[in-house]
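See structure below.
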Amino acid sequence: MNRLLNKVAIITGADGGICGKAAELFCQEGAKIVMNDIDPHVEEKCAEIVAAGGQAVAVVGDASKRETWDKLLATAIENYGTVDICVNGAAVFSVGENGGDWDTTTTEKFHNVFDPNVDALLHSFQTVLRYMIDNGIRGNFLNFASSTAFAWNGSGFQGYPSSKAVIKLATQSMVKQVSPKTGIRFNSLAPNFVWTPKSAYLYENERMMGWFKSVTPFPELGQPEDSAWAMVYLCSDEAKYINGVCLPTDGGWLTCN
């Protein structure tokens with residue numbers, strides 16, 4: 001308990017899945033959070049956390065838009081006076097109409113995924129990071145990469161892993177550019193196959209499940225808490241000397257591929 005006591009965190013993609021679980025755990029560990037998601041259901045998720053004793057407010061909006069980040073920063077300052085942690089968890093996936101391998105995708109499909117994922121990171125740096133630097137806050141950023149940013153996972157979802165590779169590299173670049181003068185830390189997380197409410201339909205497909213299990217060297221596939229606890233650690237003072245790491249939470253997938 002209290003591993004994040006009195007820390008103020010902005011968490012995007014917080015309606016469900018990994019970042020939804022992280023929002024719960026951050027509050028359990030004493031953080032005050034601003035939850036963001038493009039899905040209005042994030043307000044219900046926030047209300048549940050508050051009812052359980054957490055300190056949280058919700059902002060509905062598209063994290064790939066600058067105006068959403070302006071509102072997130074303003075909301076954090078208005079409600080809690082500062083920002084210590086920024087979690088870039090919101091993402092667009094290369095599924096459905098945006099799917100397709102290199103030989104079948106289109107420029108439009110590729111950029112429908114790549115652009116918003118990278119834009120969200122850029123906006124967070126130009127708002128929250130700028131605020132931290134201007135106010136001498138030794139905070140930290142946790143950005144979502146993916147195991148697919150390191151190696152091909154057998155899928156045809158090219159916009160997504162490409163965007164995650166950029167996020168991984170951008171996170172590491174900020175360590176060199178910003179950390180020496182500010183003490184602000186930048187790390188990223190690299191999950192792989194994780195059950196979430198919005199991806200549950202994939203896990204109901206026997207063929208897909210067979211494939212997931214065949215390429216994951218662990219008896220079970222990941223659950224949201226498996227990554228969310230890693231997020232708590234990386235954003236806490238326990239990890240104050242961990243900087244520039246991209247931590248896989250993938251059951252060993254990256255090691256074996």
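In this chain, numbering begins with 1 at the start of the sequence shown. Side chains are part of it too, since the values below use all heavy atoms of this structure and drop only hydrogens, waters and symmetry mates.
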May I have the list of side-chain donor-acceptor pairs in residues 41-61 shorter than 3.5 Å, sequence neighbours left out?
residue: His41; atom: ND1; partner: Asp15; partner atom: OD1; Å: 2.7
residue: Lys45; atom: NZ; partner: Glu24; partner atom: OE2; Å: 2.3

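- Distance check: Thr12 OG1 to His123 NE2 gives 12.0 Å after rounding to the nearest 0.5 Å.
- Of all heavy-atom pairs between Thr127 and Trp69, the closest is OG1-CB, 3.6 Å.
- Atom CG of Leu25 and atom CD1 of Ile33 lie 10.0 Å apart (nearest 0.5 Å).
- Listed here is the closest heavy atom pair of Leu247 and Ala230: CD2-CB, 4.0 Å.
- Every pair tested for salt bridge (charged side-chain N to carboxylate O under 4.0 Å, His left out) that includes a residue from residues 172-196 fails, sequence neighbours excluded, so the list is empty.
- If you chain together ILVMFWY residues whose side-chain heavy atoms come under 4.5 Å of each other, Leu122 ends up in a group of its own.
- The two residues Ala14 and Met35 have their closest heavy-atom pair at O-CE, 3.5 Å.
- Listed by first and then second residue, the salt bridge (charged side-chain N to carboxylate O under 4.0 Å, His left out) pairs involving residues 122-151 are Arg130-Asp134 (not counting sequence neighbours).
- Using a 30° and 60° split on the angle between ring planes, Phe141 and Phe186 fall in the parallel class, below 30°.
- Remark: Asn143 pairs with Asn88, Thr171 by the side chain to side chain donor-acceptor pair (under 3.5 Å) rule, at least two apart or across chains.
- Annotation for Ile133 and Ile184: closest pair CG1-CD1, 3.9 Å, computed over non-hydrogen atoms.
- Within the structure, side-chain hydrogen bond (donor to acceptor under 3.5 Å, both in side chains) contacts touching residues 56-68 (residues at least two apart or in different chains) are Asp62-Ser64, Arg66-Asp70.
- Interatomic distance, Met209 CE to Ser214 OG, rounded to the nearest 0.5 Å: 10.5 Å.
- Ring orientation note: the planes of Phe114 and His111 are nearly perpendicular, at an angle over 60° on the 30°/60° scale.
- Partners of Asn243 by side chain to side chain donor-acceptor pair (under 3.5 Å), not counting sequence neighbours, listed by chain and number: Ser179.
- Here the side chain of Asp84 pairs a donor or acceptor atom with the backbone of Val8 at under 3.5 angstrom.
- Contacts of Thr249 classified as side chain to side chain donor-acceptor pair (under 3.5 Å), with partners at least two apart in sequence or in another chain: Ser227.
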side-chain contact (heavy atoms from CB on, under 4.5 Å) between Ile242 and Leu234, worked out: CA-CA 7 Å; Ile242 296 179; Leu234 287 173; 4.1 Å; yes
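- Annotation: salt bridge (charged side-chain N to carboxylate O under 4.0 Å, His left out) contacts involving residues 212-239, sequence neighbours excluded, comprise Arg3-Glu238, Lys7-Asp237.
- Applying the salt bridge (charged side-chain N to carboxylate O under 4.0 Å, His left out) test to pairs two or more places apart or on separate chains, none has a residue in residues 246-257.
- Between Thr82 and Tyr131, the closest heavy-atom pair is CA-OH, 3.7 Å.
- Residues meeting the side chain to side chain donor-acceptor pair (under 3.5 Å) test with Asn135, sequence neighbours left out: none.
- To the nearest 0.5 Å, atoms CG (Leu72) and CG (Asn36) are separated by 4.5 Å.
- Under the 4.5 Å side-chain heavy-atom criterion for Ile, Leu, Val, Met, Phe, Trp and Tyr, Leu221 and Ile18 are members of distinct hydrophobic clusters.
- Proximity of a side-chain donor or acceptor of Ser147 to a complementary backbone N or O of Leu254 within less than 3.5 Å is not detected.
- Scanning both residues, Ala63 and Ala90, for their nearest heavy atoms gives CB-CB, 3.9 Å.
- The main-chain N or O of Val92 is found under 3.5 Å from a side-chain atom of Asn117 such that the two form a donor-acceptor pair.
- Without hydrogens or angle criteria, Ser162 side chain to Gly159 main chain gives no donor-acceptor distance under 3.5 Å.
- Rounding to the nearest 0.5 Å places CG of Asn187 at 9.0 Å from SG of Cys246.
- Under the rule for a ring pair (Phe, Tyr, Trp, His ring centres under 6.0 Å), Phe144 has no partner lying at least two apart in sequence or in another chain.
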